[in-house]
Structure formats: C-alpha cells, structure tokens
Amino acid sequence: DIKIHRVRVIPPSWTQILGFDQLAFRSLWFVKKKVNQILRKDSFDLIFFSTTQKGFLFLGPYWKKKFRVPFIVDIQDPFVNDYYAKSGIRPPGGKLKFSISQRLGHLIEQNVLPQAARLISVSKPYLNEIRQRVSCLEPQRSDVIPFPYSANDHKRARDRPLPEWANTDKKIILSAGRGGKDLNFALEAFLKAVSIWGRKSEYEIQFVGTAYGLAEETARSVTPVVGNIGIEGMVHEIPRRQPFLDVLRAQQAAAINLVLGSEDVRYTASKCLPVLNSGKPLLAIFHEESPAAVFLKKVAPAYLCSFSSGEQLEGFVERLLAKLEELAADRNSFDKIHEDFLNFEAVQQARTLSEIFYQSQS
C-alpha cells in the first residue's frame with residue numbers, strides 16, 4: 001500500500017567518461033522534478049532522507065524553502081571521513097574522487113544539516129563528530145537508532161529452500177556482507193585462527209556479497225588474503241550481492257555466522273541484529289570501542305571477540321582460536337542473548353522512528 005514513484009536516470013555509460021557514475025548525480029534533476037510535482041499536488045508533513053547517496057541531501061533545504069516542508073536526515077555513513085588519511089589506506093575510488101566526496105560532505109554538514117529538523121544515525125560517534133564540526137547542531141535534535149531486525153523476515157526466510165551456494169555437506173561458517181581493507185585485521189586474524197584450528201576439516205567458510213556493485217565478480221577482497229595463509233580449499237568467496245531472504249535462510253542453516261568489524265572505531269555493522277536473530281552461534285570480531293562491540297557486550301557478550309588499537313595479530317589469533325572452539329560446541333544460541341535484544345525488533349524500532357517524525361513536524 002506504499003506508493004513508489006520511479007524516475008528516469010542518466011545511464012552510467014554516459015557519465016563514466018567524465019569519471020563518475022554516482023546514482024545521485026545521474027538522477028538528481030529527475031528526482032527534483034518528480035518530487036516538486038508530488039509536493040504541489042498533495043500535502044506532506046515531512047521529508048525523510050535515508051540513503052547513502054548523499055548528493056540527494058542538497059534537495060532538503062530547497063524543498064523546505066519552496067514548499068515549507070521540514071526534513072530529517074538519516075546518517076548511514078559519515079559525510080566526512082578521516083579514517084583513510086590516518087591509516088594510509090587508499091580510499092575507495094581513488095584519492096581524487098574521494099577528495100571530491102569529502103568536499104561534498106563538508107558542504108552537506110555546513111549547509112544542509114543545520115536546516116534539518118532532526119538527525120538520526122546508527123552510530124553515536126558519527127553524530128558526536130558532526131556536532132564538533134557544526135556547533136549549531138544541538139544534541140536534542142539527534143537520535144541514535146541501531147539497525148533493526150525483522151522477525152517477520154526470518155519467518156519468511158525459513159519457508160525458502162537453501163540457496164545453491166549454501167547447500168553443502170560440510171558445516172558452514174558464513175560471512176555475508178562487504179569486504180574492504182579496513183576489515184583486513186579482523187579477516188586475517190580469523191583466517192589464521194582457522195588455519196591452526198584442529199577442527200577445520202569439518203568446515204567450509206563462505207564469504208558472500210563482498211563487493212559493493214552487483215556485477216563486480218572480479219572485485220574479490222577476501223581471496224587475496226586467503227592466498228597468503230594457505231587454506232584456499234576451504235574458503236569460498238562470492239563477491240556478488242545475494243537476495244536478502246536467501247542470505248537470511250543461509251544464516252539460519254549455518255553452523256557459525258561470522259561478522260567482521262572495521263579498524264575504524266565508529267563502524268557498526270547493519271547485519272549484527274539479523275544474524276543474532278538467526279538462532280545460530282555468532283562470531284563477531286569488532287574493535288572494542290566500536291558501537292557494535294558496546295552493543296554486543298550488553299545483549300550477547302558470549303559472541304564477541306574484540307580487539308584494541310595497536311593489538312598484535314598473534315595474540316589476538318590465540319583468543320579467536322579459543323572462541324572458535326567455544327562456538328563450535330554451542331547448541332543453545334538464544335540462551336546467550338539478553339532480553340533487551342527484543343527492543344530492537346523492526347516493529348518497536350518503527351514506533352521509535354514514528355515518535356521522532358511526529359516531534360519533527362512544524
């Protein structure tokens with residue numbers, strides 16, 4: 001019963017020659033035109049931006065001024081990110097494109113966010129950093145809402161057949177989600193722990209959906225790390241993103257689910273809550289100061305193996321090895337999850353978000 005309006009978009013083949021193919025800039029004019037038509041025809045109380053395509057956010061102040069409709073911004077990723085400058089890691093897309101993206105991020109923080117009725121984010125550090133750079137943003141205008149899980153999604157997934165890539169005779173350790181160099185400490189430590197694990201012959205390790213693009217079959221971020229450790233035969237990487245319910249079904253069937261965390265302490269993984277609701281043991285490897293680690297310490301500490309800044313890989317591998325042994329013997333997953341976990345189900349999160357919407361209308 002939700003109306004979905006579709007618009008045309010400039011094909012990426014037309015803009016790649018100029019060095020960019022971001023969806024926001026290929027569709028900005030069309031979205032602006034369509035929403036103008038909608039706002040002229042009907043009355044709306046609020047505009048909600050929830051997207052990683054930050055170019056769209058420049059339309060918020062425009063619509064606020066033209067149609068007197070307030071807007072809310074959901075900050076999914078930081079607009080300004082100093083992680084790559086501090087770490088020396090090459091940023092996605094290269095330095096030039098990244099520097100342009102950072103400049104746009106500064107413009108959004110200074111010119112768009114102060115005009116928003118409310119800011120929400122999955123990560124409290126994201127909001128704190130923005131307030132340090134934009135002093136006019138009051139704390140009472142921001143809220144932290146973690147990524148939810150949906151009990152209904154898991155119910156639907158259980159009625160599906162296992163996807164072909166998850167149908168194997170061996171026990172599966174499954175990691176579903178993006179790869180990236182900022183995850184390499186957690187990835188390398190895990191793979192080294194597996195390489196000396198006495199039970200590795202019983203398991204197959206699958207990394208699914210590691211690339212950002214749908215067709216990036218050659219963009220493998222796990223396989224090169226595996227090649228340096230010597231367990232190629234038991235590790236399989238599928239870069240292409242998979243249907244969401246297929247992934248949930250595979251997580252329900254996995255022996256152990258794996259979630260890798262970034263060396264960036266602000267990072268929180270969207271997949272944590274859905275994986276916890278799968279009913280299977282979880283190995284979550286996060287920086288000890290990250291929002292995800294803080295959350296897991298509260299609701300499921302038995303599944304967290306956290307590392308600190310500057311920690312030596314060898315010592316962490318030993319702790320991971322002990323955690324693997326512990327999880328391999330796990331039989332009662334939900335017994336290890338605190339009842340507060342129920343507060344993050346999608347229906348309850350929707351109530352929280354609805355209250356924010358009502359409070360933000362002018």
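Throughout, numbering of the chain's residues begins at 1 and tracks the sequence. All values derive from a computational prediction rather than experimental measurement.
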Practice task
Take Phe71 and Leu57 through the test side-chain contact (heavy atoms from CB on, under 4.5 Å) and record every step on the way to the result.
Solution key: CA-CA 10 Å; Phe71 66 95; Leu57 300 182; over 6 Å; no
Exercise for the section: Check step by step if ring pair (Phe, Tyr, Trp, His ring centres under 6.0 Å) holds for Phe357 and Phe48. Expected result: CA-CA 9 Å; Phe357 285 172; Phe48 180 47; 5.1 Å; yes
Practice task
Would you sort out whether His154 and Ser278 count as a side chain to side chain donor-acceptor pair (under 3.5 Å), showing the intermediate values?
Solution key: CA-CA 7 Å; His154 280 274; Ser278 70; over 6 Å; no
Exercise for the section: Test Leu187 against Phe207 for side-chain contact (heavy atoms from CB on, under 4.5 Å), laying out the working first. Expected result: CA-CA 11 Å; Leu187 173 62; Phe207 292 88; 3.7 Å; yes
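Side chain of Gln252 to backbone of Gly279: no donor-acceptor contact under 3.5 angstrom is found. Distance alone, capped at 3.5 Å, places no donor-acceptor pair between the Glu204 side chain and the Thr168 backbone. Listed for the Arg220 side chain is no donor-acceptor partner under 3.5 Å among the backbone atoms of Pro239.
Residues Glu188 and Lys192 are paired through a salt bridge, judged by an N-O separation under 4.0 Å between the basic side chain and the carboxylate. Between Glu311 and Arg319, at least one side-chain N (NZ, or NE/NH1/NH2) sits under 4.0 Å from a carboxylate O, which counts as a salt bridge.
Val299 and Phe341 get closest at one heavy-atom pair: CG1-N, 4.3 Å.
Atom NZ in Lys66 sits 5.0 Å away from atom CZ in Arg40 (nearest 0.5 Å).
Ile72 is not listed as a side-chain neighbour of Phe49, based on a closest heavy-atom distance of 4.5 Å or more.
When each of Phe316, Phe286, Phe190 is checked for a ring-ring contact (aromatic ring centres under 6.0 Å, His included) with Phe185, only Phe316 meets the rule. None of Gln359, Glu355, Arg118 except one satisfies the side-chain contact (heavy atoms from CB on, under 4.5 Å) rule with Asp143; the exception is Arg118.
At least one cation-pi condition fails for Lys54 and Phe79: the charged atom is not both under 6.0 angstrom from the six-membered ring centre and inside a 45 degree cone around its axis.
Ring pair Phe67/Phe44: centre-to-centre distance not below 6.0 Å.
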